[in-house]
Protein chains: 2
Amino acid sequence: MSATLAADAALEARRRAGQRVLAMTSGEIGLPVLPELRERLAAAAGENAYGPVAGSAALREAAAGYWSRRGLATDPGLVVAGPGSKALLYALLLAAGGDVVVPVPGWVSYAAQARLAGGQPLPVPILPGQGGVPDPARLRETVLAARAAGRDPRAVVVTVPDNPTGTVAPAATVRRLAAVARDLDLFVISDEIYGDLVHDPARPAVSPAVYAPERTVVTTGLTKNLAVGGWRTGVARLPDSPAGRELRDTLLSVASQIWSSPPAPVQSAAAYAFAEPPEITERIAASRRLHATVARAAAARFTGAGAHLAPVTATCYLYPDFEPLRARLAAAHGITDGAGLVRFLVERHGVGVLPASAFGEPDGALRVRAATSRLYGDTDERRTTALTSPDPLALPWIQEALDHLGAALADLTGPRP
Amino acid sequence: MSATLAADAALEARRRAGQRVLAMTSGEIGLPVLPELRERLAAAAGENAYGPVAGSAALREAAAGYWSRRGLATDPGLVVAGPGSKALLYALLLAAGGDVVVPVPGWVSYAAQARLAGGQPLPVPILPGQGGVPDPARLRETVLAARAAGRDPRAVVVTVPDNPTGTVAPAATVRRLAAVARDLDLFVISDEIYGDLVHDPARPAVSPAVYAPERTVVTTGLTKNLAVGGWRTGVARLPDSPAGRELRDTLLSVASQIWSSPPAPVQSAAAYAFAEPPEITERIAASRRLHATVARAAAARFTGAGAHLAPVTATCYLYPDFEPLRARLAAAHGITDGAGLVRFLVERHGVGVLPASAFGEPDGALRVRAATSRLYGDTDERRTTALTSPDPLALPWIQEALDHLGAALADLTGPRP
């Protein structure tokens, strides 16, 4: 967390000094709660019983319906809810045991969780532009080498769609990964928290559960599609196989000892949301359009400044690569690594982003992750306007934010006198 | 959990068959949410931001005030909130590392959590009638022997007041425990979730934080005193010392990787409750009186039937010992262990209790834990009546429950033809 915290502290100091800041560090979604969803939580405030460790029947059935509508027929008995998909991912790693293959770049918590669970993270790079899924060929090499060295890899984590790259691994790669996982007898733990934020809904991400249903665990939640990160909503879909049922039982035993059950009032609201009534579907569609529009506009600022960027097709994340500008950045600003790049942007321009090293890449990598999810307005009124606007880029505060980013990048990569 | 689950399944089968059941297995508090508290949660339904990993400033300040009013001056910067005190206890054991001394009998999750965190639970018996605090002399022997054998005990867990015995260890014992912990450089993790449920408020439980402030972590929540187990509210008070601050930092790092932050709307309601406005204080006092009255009446049924029972001075738990009746139980019913005792009560009478083995005691122990917390009524109206009644024992449904218990015990221990 230290990279995020350092960046946020620098931003906060600037903000307190009355200077302009552009918070692109955190992927927390800066949008208000849909009123109907808020009302469901309020109506459930009297629910004080623990209920089942796996979550209420209503929530498990709603989550099963959510997946079934996306082509993954789901038995509610194989759904486990938790206080956030992060908690479920940790408990899954603890339940699976052994070492864990993680994609690089990848969300930093996978590796940290693997260590806390007593295992070792085994980093495997992605294929270019195919974020979140370890290169299947390198996955095989890494697992075989680890086993030969006495390690015990039992699971591979994938992120579909991906944080930090904002890309979606193609079905062919996911299928190859699934085949390798089957061959090597690995669980696939597929973090699909961004599943509803593929920009073109006609081309959804393909889950490894399609190709390796007997060994793939899918996790998701309402944090990203409905902006309720602070509520802690998470659900896991366990594989319908003997190994999957055994993992479910171990997961429930771990959950019963760590968190007992997810918060009951939140479960009630989450059951409503996962059932996807029209107002929920519309809100998710509006958020997706807003992320797509602003993320692509921000991406254009980065590519316009000379950075390389794979086309952003999902989420609100960009992962621009300044490697083509290495010589210029060193000559003009003495920037030679990700930390230098981040420091320049925050100290000179109040633009907060995270270095690639926060995603498992080497310190020297000249890449950063920038999130657009907090650029939609600084009041609920502005955020709601952004959500419903046919042209969010025309809104003055979003225009200003993008111009702020553009000016910072021009200063970073433009010609120096 | 299997003992609880087995007992609950047997109860449920009986209930479905239309037979009478008396649910004394679970310590879940069967009381409705105080309306003012419910309203606070409802009003906070729009809060969707993660906020700090340690919990909101408002919650940490309120919790600090709660402890300060009980004689433990507390720096809000040393308070960490989590999704339940169970989750905090687990994260504390993970953060402290090493092996963990647990009291026997004791809450089964301590040992299970120690194992999940990669350590070994080291059981140490309590002194008679002084539940929750390992006998200080045996604590010393056990830790020295474990270290001599290459183990690495770093913490001792205590429960003050105690589950399962419903007793409160006296200050002198707590002081001796604190001295041994200091001598052996152990953290004391003091689970004080029942702190507000000492029957005589003029004689509160004494925390080990009084005697070993530099090494004692205190945890509590609103699960027991305000009956909101399903909300998942927990707070920890870390020691104000270099070791305490280091443990706090490690705890925050663990929390950030496992659960991010406690649910924001629940934090808001918990901040209100920990500030203890008059309606909260009154509700806690009413619950305490109800638990005390019914628990003592139930205790009288057990002692009346010939079981031994240390005076119940806190919580809603009884831990009767049928050892004096061993010969009679074997002769009359073939009962020779805790499981047999529990089976007799549930199968013949629909009375659900837990065997001592669920609290770390040997299978042969003829002790059970019985909780009165679900005897207060089967509707919110009856529960509210019980809470406000000057004489809850005169309410027909509570009288019936106690008579049901009395009849089952008479059949168990009474003379056979």
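Lettering follows sequence order; numbering is per chain, from 1. In this text, all values refer to a predicted model and were calculated from it rather than measured experimentally.
Between chain B and the options Leu116(A), Asp380(A), Leu89(A), Leu226(A), heavy-atom pairs under 4.5 Å are most frequent for Leu116(A). No other option in Ala87(A), Ala49(A), Gly234(A), Ala44(A) has as many heavy-atom pairs under 4.5 Å with chain B as Ala49(A). For chain A, the option among Ala269(B), Ala264(B), Ala112(B), Gly230(B) with the highest count of heavy-atom pairs below 4.5 Å is Gly230(B). Each of Ala227(A), Pro262(A), Ser26(A) has some count of heavy-atom pairs under 4.5 Å with chain B, and the biggest count is that of Ala227(A). Chain B forms more heavy-atom pairs under 4.5 Å with one residue of Gly46(A), Gly84(A), Gly82(A) than with any other, namely Gly46(A).
Remark: the backbone N or O of Ser268(B) is not paired with any side-chain donor or acceptor of Arg40(B) at under 3.5 angstrom. Gln257(B) contributes no side-chain N or O that, together with a main-chain N or O of Gln113(A), makes up a donor-acceptor pair within less than 3.5 Å.
Ring geometry for His291(A) versus Tyr376(A): interplanar angle of 30 to 60°, hence tilted.
For a residue to count as touching a neighbouring chain, one of its non-hydrogen atoms must lie under 4.5 Å from one of that chain's; by this rule Thr223(B) touches chain A with the side chain only. For a residue to count as touching a neighbouring chain, one of its non-hydrogen atoms must lie under 4.5 Å from one of that chain's; by this rule Tyr50(B) touches chain A with backbone and side chain alike. In this structure, the portions of Ile258(B) lying under 4.5 Å from any heavy atom of chain A include both its backbone and its side chain. With a 4.5 Å cut-off on non-hydrogen atoms, Arg38(B) touches chain A through its backbone and its side chain both.
Judged as a salt bridge (charged side-chain N to carboxylate O under 4.0 Å, His left out), and not counting sequence neighbours, the contacts of Arg374(B) are Asp8(B). Under the salt bridge (charged side-chain N to carboxylate O under 4.0 Å, His left out) criterion, Arg151(A) pairs with Asp99(A), sequence neighbours left out. With sequence neighbours excluded, the residues that form a ring pair (Phe, Tyr, Trp, His ring centres under 6.0 Å) with Tyr110(B) are Trp107(B).
Side-chain contact between Ser85(B) and Thr220(B): absent, with no pair of heavy atoms (C-beta onward) separated by less than 4.5 Å. Annotation: side chain of Ser261(B) is in contact with side chain of Arg232(A) (closest heavy-atom distance under 4.5 Å).
For residues 27-37 of chain A, the interface with chain B (any heavy-atom pair closer than 4.5 Å) comprises Glu28(A), Leu31(A), Pro32(A), Val33(A), sorted by residue number.
When all heavy atoms of Leu88(B) and Leu251(B) are compared, the closest pair comes out as O-CD1, 4.4 Å.
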